[in-house]
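Following: one structure in structure tokens, then a few remarks.
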Amino acid sequence: VLRILGLGGDKKFINFLNEQLMITNQCKANEAPFLSASAGLSYPNLINYYAPGGMIEIPKTLLSFIQKHGGSYKNKSEVMSVRKVSDGTAEKVWEVKTKHDTFYCFDLISNIPIWNLESLFTSKEPSIEGISKMYEKGIWGAFTMGIAMEADLAGEECLHHQIHLSEPIPFGGGDSIFVSISHKDDLVRSKDGIRILSISTHLSDPETWNRKDPDYQIKKRQIEAIVITALSDTFPWFQKNKIAFQHSATPVTWQTWTGRKFGRVGGIPSFYFRNPFRYLSSLSGIPNFYLTGDTVYPGQGIPAVCIGGINLANRLIRTKRD
């Protein structure tokens with residue numbers, strides 16, 4: 001389409017498209033199917049919302065709703081194994097063992113990444129093995145930073161920025177960094193003129209990152225320095241001597257924090273889905289076992305995960321009604 005419109009040689013415009021699509025489609029313009037690319041490029045133009053207190057307030061609201069309606073939430077209860085105990089004719093179809101408890105249920109819904117599923121099943125499940133091995137190549141990890149600093153933005157209240165770099169970040173890093181800034185009136189996240197910056201960039205081959213690598217800390221510090229320099233060169237209000245606190249995270253960190261295999265984040269690149277009917281479904285291929293999360297519904301982010309969950313909820317409600 002770019003060539004037809006005479007834009008195939010406009011490197012600056014294509015770079016812009018590439019970096020926008022990396023956020024929403026996890027791939028660049030020459031790889032992204034037109035349909036998903038169109039949706040991905042329209043995404044930043046939608047109305048944006050800010051949650052005082054940050055992203056954590058969204059799950060807090062969901063948990064409050066669940067508990068208000070008789071549900072329960074078990075944190076720090078890692079699932080250790082999943083076992084089928086009946087063929088669906090009894091009330092207890094699934095047995096789920098966590099570090100602390102054992103649960104039984106008729107319908108089981110998983111929102112963990114598809115690559116983590118296979119190791120949980122106590123018996124061989126060909127459909128799960130197929131799903132987890134089908135999308136192994138080209139899956140991204142991330143390098144992220146959090147910075148708390150004194151900052152006077154002097155009237156500039158745009159909270160989201162994408163900085164295009166003159167050259168890629170080393171060690172498989174991306175060509176841009178994405179920056180989100182806390183709202184000046186958000187006194188839950190920070191006070192006394194301190195603003196919180198959340199920064200991220202893509203990292204290819206997250207499975208190659210290893211904390212035991214003798215160069216691990218060197219790589220982290222080098223990427224940190226590149227990010228700090230980019231921020232200093234872009235924002236007049238960003239001053240290194242005003243940083244009160246900073247931390248960084250690699251795929252190794254994300255695996256530790258979340259348990260996600262290899263620290264993979266951001267979902268499955270849309271180049272896997274040139275045929276829209278190949279999108280992963282909430283149906284796992286196993287009766288009474290369903291999938292949600294950012295590796296099922298195409299595209300990353302809260303809207304994609306929520307739409308996937310809503311679609312599955314509607315399916316289950318409709319099935320029970322029928």
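Reckoned from all heavy atoms, side chains included, excluding hydrogens, waters and symmetry mates.
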Is the shortest side-chain heavy-atom distance between [X] and [Y] below 4.5 Å?
X    : Y    : value
V96  : L120 : no
L283 : Y290 : yes
S110 : L117 : yes
Y49  : I47  : yes
E129 : F121 : no
I302 : I58  : yes
D213 : T208 : no
H161 : F235 : yes

Given 3.5 Å as the limit, does a donor-acceptor pair link the side chain of [X] with the main chain of [Y], or not?
X    : Y    : result
N18  : A29  : yes
S284 : F289 : yes
Q222 : I218 : no
T258 : Q255 : no
T256 : V252 : yes
D10  : F13  : yes
D205 : E207 : no
S38  : F34  : yes

Which heavy-atom pair separates [X] from [Y] by the least distance, and what is that distance?
X    : Y    : answer
F238 : S232 : CD2-OG, 3.5 Å
I23  : H202 : N-CE1, 4.3 Å
S176 : T201 : O-OG1, 2.8 Å
G259 : N116 : O-ND2, 2.8 Å
I114 : S132 : O-CB, 3.4 Å
P170 : I226 : CD-CD1, 3.3 Å

Test log, rule side-chain contact (heavy atoms from CB on, under 4.5 Å), inputs I199 and L231: CA-CA 10 Å; I199 303 142; L231 294 171; 3.8 Å; yes
Verdict with reasoning, R260 to D294, per side-chain contact (heavy atoms from CB on, under 4.5 Å): CA-CA 12 Å; R260 298 175 72 102; D294 68 348; 3.1 Å; yes
side-chain contact (heavy atoms from CB on, under 4.5 Å) between F103 and S77, worked out: CA-CA 11 Å; F103 299 92; S77 299; 5.9 Å; no
Within 6.0 angstrom of E91 CD, more than 12 heavy atoms from elsewhere: no
M134 atom CE: more than 12 heavy-atom contacts under 6.0 Å: yes
How long is the straight-line distance from [atom2] of [Y] back to [atom1] of [X], given to the nearest 0.5 Å?
X    : Y    : atom1 : atom2 : result
S72  : L63  : OG    : CG    : 10.5 Å
T292 : N111 : OG1   : CG    : 4.5 Å
E19  : I163 : CD    : CD1   : 12.0 Å
M80  : T102 : CE    : OG1   : 11.5 Å
D192 : L187 : CG    : CG    : 9.0 Å
Q239 : W237 : CD    : CH2   : 10.5 Å

Would a hydrophobic clustering, with Ile, Leu, Val, Met, Phe, Trp and Tyr connected at side-chain separations under 4.5 Å, put [X] with [Y]?
X    : Y    : value
V82  : L291 : yes
I14  : V1   : yes
L280 : L108 : yes
F143 : W254 : no
M22  : L203 : no

NZ/NE/NH1/NH2 to OD/OE distance under 4.0 Å, K28 and D175: yes
Under-4.0 Å salt bridge between R221 and D215: no
Members sharing I194's hydrophobic cluster (side chains within less than 4.5 Å): I196
Aromatic ring pairing H247/F245, orientation class (parallel under 30°, perpendicular over 60°, tilted between): tilted
Looking just at side-chain N and O atoms, do [X] and [Y] make a donor-acceptor pair shorter than 3.5 Å?
X    : Y    : result
W94  : S86  : no
H160 : S180 : yes
Q162 : H164 : yes
S182 : Y50  : no

Check: F171 ring centroid to Y216 ring centroid under 6.0 Å: no
R195 vs L153, side-chain contact (heavy atoms from CB on, under 4.5 Å): CA-CA, chis, key distance, verdict: CA-CA 10 Å; R195 305 292 283 268; L153 275 61; 3.9 Å; yes
Side-chain donor-acceptor pairs under 3.5 Å in residues 264-274, sequence neighbours left out?
from: R264; atom 1: NH1; to: E136; atom 2: OE1; distance (Å): 3.3
from: R264; atom 1: NH2; to: E136; atom 2: OE1; distance (Å): 2.7
from: S270; atom 1: OG; to: N25; atom 2: OD1; distance (Å): 3.0
from: Y272; atom 1: OH; to: K137; atom 2: N; distance (Å): 3.1
from: Y272; atom 1: OH; to: K137; atom 2: O; distance (Å): 2.7
from: R274; atom 1: NH1; to: E31; atom 2: O; distance (Å): 3.4
from: R274; atom 1: NH2; to: E31; atom 2: O; distance (Å): 2.8

Cationic tip of K219 above W209 ring, under 6.0 Å, 45° of axis: yes
